[in-house]
There are 2 protein chains.
Amino acid sequence: MPAAKRKETTAHVHSPAIEDYLEQIHNLIEGKGYARVVDIAKNLGISQASVTNMIQRLDAEGYVVYERYRGVIMTESGKKIGQEIARRHEVLTRLLSGFGLDPKTVHEDVEGMEHHISRQTLDVLTLLMEELEGNPELLKKLKKRLKSSS
Amino acid sequence: MPAAKRKETTAHVHSPAIEDYLEQIHNLIEGKGYARVVDIAKNLGISQASVTNMIQRLDAEGYVVYERYRGVIMTESGKKIGQEIARRHEVLTRLLSGFGLDPKTVHEDVEGMEHHISRQTLDVLTLLMEELEGNPELLKKLKKRLKSSS
DNA sequence: TAGCAAAGTTAGCCCAGCCTAAAATGTACT
DNA sequence: AGTACATTTTAGGCTGGGCTAACTTTGCTA
Ligand SMILES: [Mn+2]
Ligand SMILES: [Mn+2]
Ligand SMILES: [Mn+2]
Ligand SMILES: [Mn+2]
């Protein structure tokens, strides 16, 4: 493979589905200490059978360690991805929520967008979020403009 | 179906794939007057066979009118979606490009994000884009902060 | 006007990621 | 210990959206 054709940074890219599973497992472990199939399924709105199936793939690919009927823990590489997605989720949510959008709409948009944000774009969005959170004057001005145009 | 469960605005939602096709067909017709299978395939980076196949689906679902070997035109409903996606693409691109990000990275992110943006979120992003384009001081300040953190 | 290259189409295939139904395992209570 | 219920897993199936190989059609040009 010619060097020119290689992805710089060995850009392991995962499907949105895989990212959603790892994000959920990460959040559950963070929040209650463990991640059960039934809760993952509930949070993602899919069947338990689908969750079991994916967990086996995640184990095979080294993102979690899985023991039949016993539960799942995350490997370092799995944790890294889960955290990364949770971070994007948070930045997007805070940015959009600042403008007073309907929380449900925010969540739907965030849940999709979070899988398509490079490091550079994340930096930009973080910057905008910070500026708006630290500069209420600006936010207020923009929100007014937003309302007048709706 | 109870009214409370219905999506307001009859939110017909399409797959990212369908949106990409309609966006491309729209752009090609806008730019050169017609959209050929070979060009759609090239722009989307997929095979001509896949394009033919999808065009037949788009015809069946009323987004385009398709005549074998002769070409494709868009229906009103197809045009509406194509335009909508092109609009999201443009807003995202202008917003991110303003910060001087690598154009290729911008394009990759935009190509994914454009499918997950509600009307309300588009309004917010449009607002941010306009503010930054009309307020170079602010943009400059933010870009400086961006560079110092990288 | 006949041939040829480019464009378009069809046929047959594959994989990710979901589903339901049924079976297996775990747990809590009597 | 036995039994009921919850949880997890397996088996089998389906759809969307891609692929290659082989074909047909179109349109240009010798
Ligand atoms: Mn998501
Ligand atoms: Mn998320
Ligand atoms: Mn796209
Ligand atoms: Mn696009």
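At the phosphate of dG8(C), neither OP1 nor OP2 sits under 4.0 Å from any side-chain N or O atom of Arg70(B). Note on Arg68(A): a side-chain N or O is less than 4.0 Å away from OP1 or OP2 of dT10(D). Taking side-chain N and O atoms only, Ser15(B) has a distance below 4.0 Å to OP1 or OP2 of dG17(D). A sub-4.0 Å separation between OP1 or OP2 of dT10(C) and a side-chain N or O of Gln56(B) is present. At the phosphate of dG18(D), neither OP1 nor OP2 sits under 4.0 Å from any side-chain N or O atom of Ser47(B). Neither OP1 nor OP2 of dC18(C) sits under 4.0 Å from any side-chain N or O of Ser50(A).
Nucleotide dT7(D) holds its C1' atom 9 Å from the OH atom of Tyr69(A), rounded to whole Å. Counting to the nearest Å, the C1' atom of dT7(D) and the CD1 atom of Ile46(A) are 16 Å from each other. Distance, Asp20(B) CG to dG16(D) C1': 14 Å, rounded to whole Å. At whole-Å resolution of the value, CG in Asn53(A) and P in dA16(C) are 11 Å apart. As rounded to whole Å, 11 Å separates atom C1' of dT9(D) from atom CD1 of Ile55(A). Atom CG of Asp59(B) and atom P of dG8(C) are 16 Å apart (whole Å). Between Glu19(B) atom CD and dG17(D) atom P the separation is 11 Å, expressed in whole Å. In this structure, Met54(A) places its CE atom 17 Å from C1' of dT8(D), rounding to the nearest Å.
Taking only side-chain atoms of Val38(A), from C-beta outward, the nucleotide of dT8(D), dG8(C), dC19(D) with the closest atom is dT8(D). Taking the side chain of Arg57(B) as heavy atoms from C-beta on, and the options dG16(D), dG18(D), dC19(C), the nearest nucleotide is dG16(D). Across dT7(D), dC18(C), dT9(C), the shortest atom-to-atom separation from the side chain of Gln48(A) is found for dT7(D). Closest to the Tyr66(B) side chain, of the nucleotides dG17(D), dT7(D), dT10(C), is dT10(C).
By the 4.5 Å heavy-atom criterion applied to side chains, Val124(A) and Leu128(A) are counted as neighbours. No side-chain heavy atom of Leu101(A) sits under 4.5 Å from any side-chain heavy atom of Asp109(A).
Applying side chain to side chain contact (heavy atoms under 4.5 Å, CB included) to Tyr63(A) and the options Lys79(A), His14(A), Lys80(A) leaves one that passes, His14(A).
With side-chain heavy atoms closer than 4.5 Å counting as contact, directly or through intermediates, the hydrophobic cluster containing Val65(B) also holds Ile73(B).
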Under the salt bridge (charged side-chain N to carboxylate O under 4.0 Å, His left out) rule, what do Arg88(B) and Glu84(B) come out as? Steps first, then yes or no, please.
CA-CA 6 Å; Arg88(B) 297 185 202 167; Glu84(B) 167 77 14; 3.0 Å; yes
